[in-house]
Amino acid sequence: MAPTTGDPVILSFLFFMILFIGGIWTMGISFGLPDFQALAFCGGLLLVTLAMAFMLRQGGSATRRANNWSGNATE
């Protein structure tokens, strides 16, 4: 069962926020770059997508998912 309090939760939240805010920031500055605008924007989009995938993949939450991606119905 996934921990719901303590250091692992705080560290995973910090990891999520760094990826998410970093991705938004990267997408924002991409419009001001003279070169590699598309590359910076796609990189920021990838960071935001990875952050969301990381949080959705975490076991246990308010919906009580014990085993994500298993295909089993939630309880």
Side-chain angles (χ1 to χ4, degrees):
M1 182 156 202
T4 56
T5 60
D7 289 339
V9 173
I10 293 170
L11 292 176
S12 67
F13 177 75
L14 289 175
F15 181 68
F16 162 74
M17 288 305 291
I18 289 169
L19 281 179
F20 189 72
I21 300 298
I24 291 174
W25 180 78
T26 305
M27 284 191 289
I29 67 164
S30 69
F31 295 105
L33 296 175
D35 296 328
F36 305 111
Q37 288 180 353
L39 186 62
F41 185 83
C42 290
L45 186 61
L46 180 65
L47 286 175
V48 170
T49 303
L50 287 174
M52 295 305 293
F54 173 74
M55 287 308 291
L56 290 174
R57 184 74 172 124
Q58 292 299 308
S61 70
T63 58
R64 298 191 177 115
R65 293 185 306 258
N67 189 6
N68 290 338
W69 310 104
S70 66
N72 298 332
T74 57
E75 297 175 355

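When reading the values below, keep in mind they use all heavy atoms of this one structure, side chains included, and skip hydrogens, waters and symmetry mates.
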*Closest approach of Phe54 to Ser12 (non-hydrogen atoms, all atoms of both residues)*: CE2-O, 3.5 Å
*In the hydrophobic clustering that connects Ile, Leu, Val, Met, Phe, Trp and Tyr at side-chain heavy-atom distances below 4.5 Å, which members other than Trp25 occupy its cluster, ordered by chain and number?*
Ile29
*Of all heavy-atom pairs between Met27 and Val48, which one has the smallest distance, and what is that distance?*
CE-CG2, 3.8 Å
*Closest non-hydrogen atom pair between Ala51 and Leu19, with its separation*: CB-CB, 3.6 Å
*Shared ILVMFWY cluster between Phe41 and Ile24, side chains joined below 4.5 angstrom?*
yes
*side chain to side chain contact (heavy atoms under 4.5 Å, CB included) against Phe36, all qualifying residues, sequence neighbours excluded*: Leu39
*Leu45 and Phe31: same hydrophobic cluster, using ILVMFWY side-chain contacts below 4.5 Å?*
yes
*In terms of hydrophobic clustering (I, L, V, M, F, W, Y; side-chain heavy atoms under 4.5 Å; direct or indirect links), are Phe15 and Leu47 co-clustered?*
yes
*asked:* For Leu33 versus Ala40, what's the shortest heavy-atom pair and its separation?
replied: CD1-CB, 3.7 Å
*Could you list the residues that satisfy ring pair (Phe, Tyr, Trp, His ring centres under 6.0 Å) with Phe16, not counting sequence neighbours?*
Phe20
